[in-house]
Amino acid sequence: MKVLVVGGAGYIGSHTVYELIKDNQEVIILDNLSSGYKELVHPKAKFYLGDIKVKSDVENVFKQEKIDVVMHFAAKLIVPESVKEPLAYYYNNVEGVRVLLEVMNEHNVKKFVFSSTAAVYGEASGVCQEDMITKPINPYGETKLACERMISWVANAHDFKFVIFRYFNVAGADESLKIGLMKDQLTHLIPLAIQGIIGIRDHLTIYGNDYPTKDGTCVRDYIHVSDLASAHVLGAHYLFEGGKSETINLGSSQGFTVLEVAQAVNEIAPLKVVIGPRRDGDPAELIASNEKAQRILKWVPKYELKDIVLSDYNYRKKISNR
Ligand code: UFG
């Protein structure tokens, strides 16, 4: 397969490129390097610098490459930032996908793997199933849901086939430690907690301990980025082999509170924790059912929370003096 990975120089995109290349696929990357890094680009991938919101940039790739499957990772994804800057999220996340779909359609490329998010579920109670009602509580989730709907209408009109993946909380780094989440991009819990044990910050602030959960802190479902990436490879094969359109959660089916994550980090080295106020846009609990991913794609995550935390620790130590 020839796979176009849009956003392949970013954190999740680069891990997916690594898994595709391990699977002997040919990889083309389109990235504007707004939050991606040239050094995360796999040496065997072909790189195009360009922005998916600029139609000529996207056309340039499709004119030169005969693409089988497109994967999209080029999104803004920080929940609190989306609350402060909703228009930037609509422009980048929705307009970018609209342009990409338009060019795909014009070039008769009709297989699409799209990164969506658990944030489409909003305040879910219990375990999230894919057919549950979607009700985002922040602009990030709204923009991803708008894309999901756009993709499904395009599929209806133009015989597209898609796999939409709804990610839960992604962390960790490839075992090679050549790629990972860079240190100027940290807003997520696990890397911030790890920074608290490697001397970069002196404590972790927990955003609220008055949620209706077992210890008052938010519950999330953590998934290793390499497990997430390998699901994309399975998704591409599934579409290439004629699979029908599906929306699929990617998570571990297990929830951990913020305090439990802090405890897992504390087992590597002592972590000081301070309780702060709630953060805007945070639902109390998000846990995936991953039964559909297992059934349709035969996907089984390999890593547990302790592996994810250790993997992020190893990567952060490696890049700490750069
Ligand atoms: N948190 C802290 N302190 C921090 C950072 C985070 O207490 O310093 C808490 C948050 O308040 C939240 C939990 O840790 O309760 C996880 O927060 P993250 O920022 O790590 O991740 P989010 O749950 O906000 O968002 C992530 C992705 C979204 C996705 C969501 C799905 O960024 O794309 O997971 O669960 F939708």
Side-chain angles (χ1 to χ4, degrees), residues 7 10-13 35 73-84 89 92-93 114-124 127-128 132 134-145 147-148 164-172 181 185-197 200-225 228 249-265 271-290 305 308-309 312:
Y11 170 53
I12 298 173
S35 57
F73 299 92
K76 285 176 163 290
L77 79 178
I78 311 293
V79 170
E81 182 186 65
S82 79
V83 176
K84 291 197 183 80
Y89 271 69
N92 189 81
N93 292 2
F114 179 70
S115 309
S116 187
T117 170
V120 299
Y121 293 114
E123 285 285 5
V127 173
C128 299
M132 256 171 48
T134 45
K135 226 176 161 191
I137 60 163
N138 52 58
Y140 169 59
E142 286 284 3
T143 61
K144 286 293 184 176
L145 186 58
C147 289
E148 288 194 8
I164 290 172
F165 283 126
R166 291 180 177 159
Y167 303 170
F168 285 66
N169 287 57
V170 187
L181 187 65
Q185 298 181 324
L186 306 186
T187 63
H188 288 126
L189 176 63
I190 290 179
L192 291 175
I194 297 291
Q195 285 194 324
I197 64 170
I200 294 182
R201 39 186 90 229
D202 75 348
H203 68 275
L204 171 75
T205 302
I206 293 186
Y207 299 136
N209 66 351
D210 58 351
Y211 286 92
T213 62
K214 64 178 177 188
D215 62 23
T217 65
C218 291
V219 172
R220 294 288 183 274
D221 178 336
Y222 294 88
I223 168 170
H224 193 290
V225 65
L228 190 85
N249 287 337
L250 292 179
S252 70
S253 291
Q254 252 196 301
F256 292 93
T257 67
V258 176
L259 271 172
E260 285 170 336
V261 173
Q263 184 52 39
V265 172
L271 172 68
K272 185 176 166 203
V273 160
V274 171
I275 305 294
R278 286 185 177 199
R279 190 177 71 172
D280 276 352
D282 275 341
E285 180 174 298
L286 279 172
I287 304 171
S289 158
N290 66 14
L305 180 66
I308 299 172
V309 165
D312 192 79

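We use all heavy atoms of the structure for the numbers below, so side chains are in, but hydrogens, waters and symmetry mates are not. Remember, it's 1-based here, ligands and their atoms both numbered in the order they're listed.
- Remark: minimum distance from atom 4 (C) of ligand 1 to any protein heavy atom is reached at Y207 CE1, 3.3 Å.
- Residue, atom and distance of the protein heavy atom nearest to atom 33 (O) of ligand 1 are Y140 CE2, 2.9 Å.
- The shortest contact between atom 24 (O) of ligand 1 and any protein heavy atom is with R279 NH2, 2.7 Å.
- At least one side-chain heavy atom of V225 sits under 4.5 Å from a side-chain heavy atom of I12.
- Listed by number with element, the atoms of ligand 1 under 4.0 angstrom from any heavy atom of T117 are 28 (C), 29 (C), 33 (O), 36 (F).
- In terms of protein heavy atoms, atom 8 (O) of ligand 1 is closest to L192 CD1, 3.3 Å.
- Here the heavy atom of the protein found nearest to atom 13 (C) of ligand 1 is V258 CG2, 3.9 Å.
- Nearest heavy-atom pair across I164 and S116 is CG2-CB, 3.7 Å.
- Side-chain polar atoms of E81 and Y140 form no donor-acceptor pair below 3.5 angstrom.
- Contact between L186 and P191 at its shortest, heavy atoms only, is CD2-CB, 3.7 Å.
- Counting heavy atoms only, H188 comes closest to atom 32 (O) of ligand 1 of the residues H188, K76, R166, R278.
- When each atom of ligand 1 is checked for a heavy atom of C218 under 4.0 Å away, the hits are 15 (O).
- Among all protein heavy atoms, the one lying closest to atom 23 (O) of ligand 1 is R220 NE, 2.7 Å.
- Looking at heavy atoms from C-beta onward, I190 lies in side-chain contact with L305 at the 4.5 angstrom threshold.
- Ligand 1 has no nitrogen or oxygen under 3.5 angstrom from a nitrogen or oxygen of Y167.
- Looking at L189 next to ligand 1, an N or O pair under 3.5 Å apart turns up.
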Discussion item. Would R166 and E148 count as a side chain to side chain contact (heavy atoms under 4.5 Å, CB included) here? Give the steps.
Written reply: CA-CA 10 Å; R166 291 180 177 159; E148 288 194 8; 2.7 Å; yes

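- Closest approach of Y211 to R279, counting heavy atoms only: OH-O, 4.2 Å.
- Contact atoms of ligand 1 toward I206: 7 (O) (distance under 4.0 Å to a heavy atom of the residue).
- Here is the list of ligand 1 atoms found below 4.0 Å of a heavy atom in A119: 36 (F).
- Among all heavy-atom pairs drawn from S115 and F73, the shortest one is OG-CD2, 3.3 Å.
- A salt bridge links R278 to D210: one of the charged nitrogens lies within less than 4.0 Å of a carboxylate oxygen.
- C128 places a side-chain heavy atom less than 4.5 Å from the side chain of F168.
- Heavy-atom contacts of L204 reach the following atoms of ligand 1: 8 (O) (cutoff under 4.0 Å).
- Every atom of ligand 1 is numbered from 1 in the order shown, and the set under 4.0 Å from a heavy atom of T205 is 2 (C), 3 (N), 4 (C), 7 (O), 8 (O).
- Heavy-atom contacts of L286 reach the following atoms of ligand 1: 31 (C), 35 (O) (cutoff under 4.0 Å).
- In terms of heavy-atom proximity, A262 sits nearest to V273 at CB-CG2, 4.0 Å.
- Residue contact check: T187 has heavy atoms under 4.0 Å from atoms 5 (C), 19 (O) of ligand 1.
- At least one side-chain heavy atom of Y121 sits under 4.5 Å from a side-chain heavy atom of N249.
- Protein heavy atom in closest approach to atom 11 (O) of ligand 1: D282 OD2, 2.6 Å.
- Considering each of T217, L77, V79, N169, the one bringing a non-hydrogen atom nearest atom 22 (P) of ligand 1 is N169.
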